Amino acid sequence: MIPLTLTATLRSPMHLGATNTAGNFLASLSYLPGRSLLGAVAWAWIDAGGDPGAPEFAHRFVSGAVSWGDLHPVPVKEETGAAVDGEPLVVPRTIKVCKLSGLRHGLVDVLLTTPPPEACPLCGVGLDRLEGVLVGDHDGRWLSPELHRQHRAHVSIAFDTGTARSGDLYSRDVLEEGQVFRGQIHCSDEPTAKAILDELPRLRLAVGGARSRGFGQIEVQVKRATASTLEVLREQSERVAQSPADVWYFTLTAVSPWCVRETDGSHARSLTPRRLARVLGVEEANARIVRGDARSESRSGWDGAAGLPTELRHVIVAGSTFLCAVRGLDGPTLQARLLRLSGRGIGEHRAEGLGRVAVNHPLHFISAEANRDE
Ligand SMILES: [Zn+2]
């Protein structure tokens with residue numbers, strides 16, 4: 001797998017529809033889903049003269065050989081207002097922060113610490129789950145991005161009369177221009193990676209709703225992911241191989257939604273020992289989920305081209321995380337299989353960036369003091 005880092009800057013306000021939208025208010029997502037990115041790139045590629053019937057089209061956008069990941073907001077440096085360099089990391093659901101002081105009182109992980117802490121170690125008040133993403137900066141601190149939103153009021157115009165439709169005032173939640181989002185594209189082969197590096201910055205990309213009003217224009221930069229991405233992976237799987245005895249412990253975290261089918265065709269609600277055994281090639285009796293924190297939900301989308309709702313999917317949400325135990329493998333073999341798992345991902349719809357896996361997510365291993373300000 002060849003990882004590329006894509007940085008997108010909003011050149012106009014962006015509206016990405018959320019499914020929880022009610023009444024006359026159109027809520028916006030706080031990230032750019034891989035599905036929207038894939039759609040925008042595919043359309044732009046066709047607009048630029050690409051043939052949707054060509055095998056290259058299927059290879060890039062349909063086959064899963066390229067995984068177009070979610071793009072998450074990037075925090076800005078306080079002094080300059082410029083986006084920081086790091087990659088946004090989806091926070092595991094077991095990471096908590098102080099209810100009152102947030103990140104300034106450090107991060108607490110309740111997956112690996114036994115017994116799990118119930119209060120802020122610094123001030124004793126309760127803990128809240130930390131949602132979304134964090135980005136590491138050069139000083140080893142974790143920063144949380146802040147999104148700038150606006151509500152825009154609109155009226156619908158009736159085509160026949162050219163006047164406002166009665167009673168059709170609605171408001172749209174938009175992300176303001178100038179904000180920066182970042183994520184990864186995973187390519188299965190070098191020629192495709194090269195082609196994407198070359199072509200993507202030249203395509204005119206627009207994502208989300210109200211594109212006819214000029215919304216959703218993005219400018220992208222794409223480069224090879226820093227070597228550290230692969231090194232970190234290697235380092236983390238080495239940590240697994242160093243655990244003593246014949247049982248290996250490691251964590252698996254969904255860093256994008258997982259759409260996993262059970263053998264009877266139904267959507268899985270969580271990671272099961274059976275699935276774990278299957279992806280690692282061990283007997284079911286040798287795979288165990290020690291504990292975890294998972295949530296699943298139904299998602300539907302809208303296919304703009306067909307003018308139809310897309311199939312309903314049930315996904316295990318990003319941030320779901322599991323402590324796993326496996327026996328019956330030697331360390332190097334397990335390490336190789338975990339590397340393969342984090343390169344390929346799990347479940348369906350990987351072309352749209354679903355199924356991304358982090359092995360031994362770094363946030364499970366940072367000390368409670370790491371982010372303290374006081
Ligand atoms: Zn506190």
Side-chain angles (χ1 to χ4, degrees), residues 1-12 14 16-17 29 31-72 181-212 215-225 255-261 299-313 315 340 343-357:
M1 183 264 287
I2 300 156
L4 306 177
T5 298
L6 187 148
T7 301
T9 307
L10 303 190
R11 290 299 174 214
S12 65
M14 176 170 75
L16 291 160
L29 290 173
Y31 69 103
L32 205 160
R35 183 189 182 86
S36 304
L37 175 66
L38 181 154
V41 176
W43 279 115
W45 194 77
I46 294 168
D47 278 349
D51 172 11
E56 302 169 76
F57 184 86
H59 186 71
R60 282 180 205 191
F61 303 116
V62 185
S63 72
V66 180
S67 156
W68 300 85
D70 298 337
L71 304 183
H72 291 281
F181 290 72
R182 189 171 291 141
Q184 285 195 355
I185 304 168
H186 291 172
C187 305
S188 65
D189 59 283
E190 183 55 34
T192 309
K194 271 210 178 96
I196 287 174
L197 282 165
D198 177 47
E199 289 164 14
L200 209 55
R202 295 203 301 252
L203 296 176
R204 286 177 61 89
L205 299 179
V207 290
R211 294 195 295 274
S212 61
F215 278 39
Q217 290 172 29
I218 57 173
E219 188 181 292
V220 301
Q221 286 177 311
V222 56
K223 55 175 195 181
R224 288 181 192 275
V255 285
S256 69
W258 291 356
C259 184
V260 176
R261 300 263 188 185
R299 295 252 173 101
S300 63
W302 188 260
D303 181 338
L308 291 168
T310 56
E311 47 153 349
L312 192 66
R313 295 172 180 176
V315 298
R340 189 186 60 188
R344 291 184 38 193
I346 190 168
E348 300 178 343
H349 307 298
R350 286 181 242 168
E352 299 166 24
L354 267 60
R356 296 264 174 107
V357 179

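The model shown is predicted, which means the values in this text are computed figures rather than measured ones.
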- Heavy-atom closest pair, residues G355 and S256: N-OG, 3.2 Å

- Task: Work out which heavy atom in I218 is nearest to a heavy atom in A8; give both atom names and the distance.
- Result: CD1-CB, 4.2 Å

- What class does the angle between the rings of W45 and F57 fall in, given that below 30° is parallel, 30 to 60° is tilted and above 60° is perpendicular? tilted

- Task: Indicate yes or no: does E199 engage R60 in a salt bridge with an N to O separation below 4.0 Å.
- Result: yes

- For Y31, the ring-ring contact (aromatic ring centres under 6.0 Å, His included) test, sequence neighbours excluded, returns H72

- Rounded to the nearest 0.5 Å, how far apart are CD1 of I46 and CG of D51? 8.5 Å

- Query: Shortest non-hydrogen contact from G347 to V260?
  - Reply: CA-CG2, 4.1 Å

- In plain terms, say whether E352 and R313 are close enough for a salt bridge, that is, a side-chain N and a carboxylate O under 4.0 Å apart. yes

- Message: Among residues at least two apart in sequence or on other chains, which ones pass side chain to side chain donor-acceptor pair (under 3.5 Å) with Q221?
- Response: none

Show me the side-chain donor-acceptor pairs of residues 185-192 shorter than 3.5 Å, one per line, residues at least two apart or across chains.
unit_1: H186; atom_1: ND1; unit_2: R356; atom_2: NE; d: 3.4
unit_1: H186; atom_1: NE2; unit_2: Q184; atom_2: OE1; d: 2.9
unit_1: S188; atom_1: OG; unit_2: A65; atom_2: O; d: 3.4
unit_1: D189; atom_1: OD1; unit_2: H59; atom_2: NE2; d: 3.0
unit_1: D189; atom_1: OD1; unit_2: T192; atom_2: OG1; d: 3.0
unit_1: D189; atom_1: OD2; unit_2: T192; atom_2: N; d: 3.1
unit_1: D189; atom_1: OD2; unit_2: T192; atom_2: OG1; d: 2.6
unit_1: E190; atom_1: OE1; unit_2: R224; atom_2: NH1; d: 3.4
unit_1: E190; atom_1: OE2; unit_2: R224; atom_2: NH2; d: 2.7
unit_1: T192; atom_1: OG1; unit_2: H59; atom_2: NE2; d: 3.1

- Query: Do the side chains of V207 and M14 get nearer than 4.5 Å, heavy atoms only?
  - Reply: yes

- For the atom pair CG (L37) and CG (L205), what is the distance rounded to the nearest 0.5 Å? 7.5 Å

- Message: Looking only at the side chains, is there a donor atom on one of R350 and S67 sitting less than 3.5 Å from an acceptor on the other?
- Response: no

- Query: Distance from M1 atom CE to R344 atom CZ, nearest 0.5 Å?
  - Reply: 11.5 Å

- Query: How long is the gap from CG on L32 to CH2 on W68, to the nearest 0.5 Å?
  - Reply: 12.5 Å

- Task: Taking the side chain as every heavy atom from C-beta outward, state whether V41 and L200 have any atom pair closer than 4.5 Å.
- Result: yes

